[in-house]
Amino acid sequence: MPDPAVRCRFAPSPTGYLHLGGARTALFNWLTARHHGGQMLLRIEDTDADRSQPELVDLIFRTLTWLGIDWDGEVVHQSSRGEAHRAAVGRLLDEGRAYWCSCTRDEIDARAKERGGKPGYDGHCRDRGLGPDPTHVVRFRVPDDGETVVRDLIRGDVHFANHELEDFVVQRSNGHPMFVMANAVDDIDMAITHVIRGEDLLPATPKINLIRAGLGEATTPVFAHLPLIVNEKRQKLSKRRDDVAVEDYQARGFLPEAMRNYLATLGWGPPDGVEIRPIEEIVALFRLEDVTKSSAFFDVKKLEAFNGEYIRALGLGDFVERSLPFLTTAFAPGPGMVLDEDTFVAIAPHVQERVRVLGEIPEMVEFLFREISVDGDAWAKTMEKDPALAVQMLDAAIDLLAALPDWTATAINDAVIGYADAREISRKKAQAPVRVAITGRTVGPPLWESMEVLGRDRSLERLREARAQLPA
RNA sequence: GCCCCCAUCGUCUAGAGGCCUAGGACACCACCCUCUCAAGGUGGCGACACGGGUUCAAAUCCCGUUGGGGGUGCCA
């Protein structure tokens, strides 16, 4: 049911392009916000100055927009909230919830090794009464006893024993807040009601709740830790190993609505089982409570199937418009290259039902826009395997088509197929040499339509060229 | 090591104790259609990880085992 009080946020850190996992997180936040008629906010988590790149922020905005994920209000840049973060750390310090620490990583590790057992911080500086220093960090004093509970809409209550949590750093020695600190403070100030993010953040959540409580915040937001999107080895998608940049999928010719629709099925399914459907319906049906618990494999094959359906559902004009950028990229002006939009429009209906991604289009229609180079395998399979038949069909086609009164696909079909049928040559075999002569390939759009679009002169020219390369 | 999460066809999922002989989608296979390739149509293959409980009844609840994953930074 609608609840306009719902406030979600997507909080990427600009350390790279938008990746699949981030896009899915953004989408589920957006679906939740729109489902309830609440707010979808954006926050850039750029507290790690060394790793954040401002120019990547714009790319993230563009990619979200491409996916049709919009947001409300001003984007919050975490880097501009230093004052609020420092004030919060100060409050923790004043109230004895946090303390200054001078320990280096090496010292911490050395002590851990010495005492054996669990690695991690031992609370060495807890009661040393240290003050600010350019080399000191601030650590949160985690209670020794009790437990911290994370209420998660997807996973139920998750319990963490406080003694398992070490005194974690909330402020770096350079004065910048750590992720959990900035995250907790900003979520409070932005009045976030639903924190929807990847499951990898679940172990950090008790720290955030501890900070909230330490800051005197009586409530916690509703958490929803989404199942991870994994690769074929069932590992979390990684930028190094896997193809995760959403921009790359855009460049390959995936439609944003197909991508968005597919992403919605990763960890969620509509009650009626209808997977491919308008986003409005998904918004209406989506419920965080229904999100799956286990990780989901990103299956490009299935994405392609979705994309193919979306492409076929496009109106012709829309299809052409979306295809053009891929054609102009592939068919950059040059010698022997003429990209004629009308020509593409003529063949487009046949192309539309044959591609799964728009990036496949140039290869399929290349023969219309420049001189062909016959594929070696194609030539061998059709011309060299049965030269007699190839010669017969090519000669027949040249004669019949030169004399054809009307240059239409139907007329071409009747002439060539009529010839083949009369001589009991299988249609499949009869068209093969002609196809290779015309397109240079064994597969492609319907041949007769292709020839109609190519035109009589160019078609005959190619047939004669191919014929010339075969024995007399 | 320790903490946490997860476990239904190859994959994404439906399933909230009897509607399950476990449904759908993608993939795969076969056939039909057909000028190639697609698209479309029809059919097929294919799963409740294992072991204990609870119950008249368990894919569904509980416990354990096994397996997988995530986390364990002055990254986020």
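Side-chain atoms are counted along with the backbone in the values below, which use heavy atoms only and exclude waters and symmetry mates. Quick note on labels: first sequence line is chain A, next is B, and so on, each numbered from 1.
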When rounded to whole Å, the NZ to C1' distance for the pair A:Lys207 and B:A76 reads 11 Å
What one should report as the nearest heavy-atom pair of A:Pro177 and A:Arg172 is O-NH1, 2.8 Å
Closest non-hydrogen contact found for A:Pro433 with A:Lys429 is CD-O, 3.2 Å
Keeping the roles fixed (side chain from A:Asn307, backbone from A:Leu255), state whether a donor-acceptor pair exists under 3.5 Å.
-> yes
Please give the distance between the C1' atoms of B:C26 and B:C9 as a whole number of Å.
12 Å
In short, ring-ring contact (aromatic ring centres under 6.0 Å, His included) pairs touching residues 98-121 of chain A with sequence neighbours left out are none
Mate of B:C33 across any strand shown (Watson-Crick or G-U wobble, both atom pairs under 3.5 Å) is none
Considering every strand and a 4.0 Å limit on heavy-atom distances, what is the contact class for A:Arg139: base, sugar-phosphate, or nothing?
sugar-phosphate
Near A:Glu83 CD, under 6.0 Å, is it more than 12 heavy atoms from other residues, nucleotides or ligands? no
Sidechain N-carboxylate O distance under 4.0 Å for A:Asp167, A:Arg141: no
- Item | Ion pair A:Asp318/A:Arg322, N-O distance below 4.0 Å | yes
Mate of B:C61 across any strand shown (Watson-Crick or G-U wobble, both atom pairs under 3.5 Å) is B:G53
A:Trp100 CH2 to B:C74 P, in whole Å, measures 16 Å
Note to self: In whole Å, measure the gap between the P atoms of B:G24 and B:G46 for me.
What the structure shows: 14 Å
Whole-Å distance, A:Phe179 CZ to B:U72 P, equals 11 Å
For the backbone of A:His225 and the side chain of A:Arg155, can you confirm whether one donor and one acceptor N or O come within less than 3.5 Å of each other?
yes
* **Pair A:Phe298 and A:Tyr249, ring centroids less than 6.0 Å apart** => yes
Rounded to whole Å, the CG-C1' distance (A:Asp106 to B:C74) equals 13 Å
Just the atom pairs and distances: protein N or O near nucleotides 59-64 of chain B's N or O, under 3.5 Å.
none

List, with names and distances, any nitrogen or oxygen atoms from the protein found under 3.5 Å away from nitrogen or oxygen atoms belonging to nucleotides 1-5 of chain B.
from: B:C2; atom 1: O2'; to: A:Glu164; atom 2: OE1; distance (Å): 3.3
from: B:C5; atom 1: O2'; to: A:Arg155; atom 2: NH1; distance (Å): 2.7
from: B:C5; atom 1: O2'; to: A:Glu199; atom 2: OE2; distance (Å): 2.6

task = Taking only Lys NZ, Arg NE, NH1 and NH2, and the carboxylate oxygens of Asp or Glu, determine whether A:Glu166 and A:Lys207 approach each other closer than 4.0 Å.
result = no
From CG of A:Asn174 across to C1' of B:C75 the rounded distance in Å is 13 Å
Discussion item. Classify A:Leu201 by what it touches in the nucleic acid, base, sugar-phosphate, or nothing, heavy-atom distance under 4.0 Å.
Written reply: base
_Does this structure show an ion pair linking A:Asp186 with A:Arg9, if we count only N-O contacts that are shorter than 4.0 Å?_
no
For B:C2, the nucleotide meeting Watson-Crick or G-U wobble distances (both under 3.5 Å) is B:G71
Original post:
What distance, rounded to whole Å, do you find between the two C1' atoms, one in B:G69 and one in B:C63?
Top reply: 22 Å
Per-nucleotide protein contact along nucleotides 34-50 of chain B, 5' to 3', at a 4.0 Å heavy-atom cut-off (B base, S sugar-phosphate only, - neither), is -BBBBSS----------
Are any of the side-chain nitrogens in A:Asp377 or A:Arg441 under 4.0 Å away from the carboxylate oxygens of its partner? no
Determine the Euclidean distance between corresponding C1' atoms of B:U55 and B:C12; express it in Å to zero decimal places. 33 Å
Charged N-O contact under 4.0 Å between A:Asp187 and A:Arg212: no
Mate of B:A39 across any strand shown (Watson-Crick or G-U wobble, both atom pairs under 3.5 Å) is none
Distance test, side-chain N/O of A:Lys236 to OP1/OP2 of B:G71, below 4.0 Å = yes
Ranking A:Val169 and A:Lys233 by the position along RNA chain B of their nearest nucleotide, the one closer to 5' is A:Lys233
Using a strict cut-off of less than 4.0 Å between a Lys/Arg side-chain nitrogen and an Asp/Glu carboxylate oxygen, indicate whether A:Asp122 and A:Arg111 qualify as a salt bridge.
yes
Per-nucleotide protein contact along nucleotides 9-16 of chain B, 5' to 3', at a 4.0 Å heavy-atom cut-off (B base, S sugar-phosphate only, - neither), is --SBS---
>> Between A:Trp71 and A:Phe10 (judged by ring centroids, cut-off 6.0 Å), do the two rings come close enough to count as a pair?
In response: no
Check: Taking the same atom, C1', in B:A76 and in B:A7, what whole-Å distance lies between them?
Finding: 28 Å
Checklist line | side chain to side chain donor-acceptor pair (under 3.5 Å) between A:Glu449 and A:His350, worked out | finding: CA-CA 9 Å; A:Glu449 282 78 0; A:His350 304 291; 4.8 Å; no
Fill in: Integer angstrom distance from the P of B:U11 to that of B:A27
16 Å
Between CG of A:Leu237 and C1' of B:G69 the distance, given in whole Å, is 13 Å
| query | Using a cut-off of 4.0 Å on non-hydrogen atoms, how would the nucleic acid contact of A:Thr205 be classed: base, sugar-phosphate, or nothing? | reply | nothing
When rounded to whole Å, the CG to C1' distance for the pair A:Leu303 and B:A25 reads 14 Å
Notebook entry, point to check: If we take the P atom in both B:G43 and B:G23, what is their distance in whole Å?
Noted result: 14 Å
**Message:** For the C1' atoms, the ones on B:G71 and on B:G10, what distance do you get once it is rounded to whole angstrom?
**Reply:** 29 Å
Closest heavy-atom pair, A:Ile425 versus A:Ala430, reported as atoms and distance to 0.1 Å, is CG2-CB, 4.0 Å
Could you pull out the protein-nucleic contacts involving nucleotides 31-33 of chain B (nitrogen or oxygen on both sides, under 3.5 Å)?
none

As its Watson-Crick or G-U partner within any shown strand, both distances under 3.5 Å, B:A25 has B:U11
Q: Verify whether the ring centers belonging to A:Phe254 and A:Phe306 lie closer than 6.0 Å.
A: no
When rounded to whole Å, the CG to C1' distance for the pair A:Leu228 and B:C6 reads 11 Å
Exercise. So, the side chain of A:Arg115 versus the backbone of A:Lys118: is there a donor-acceptor pair under 3.5 Å, distance only?
Worked result: yes
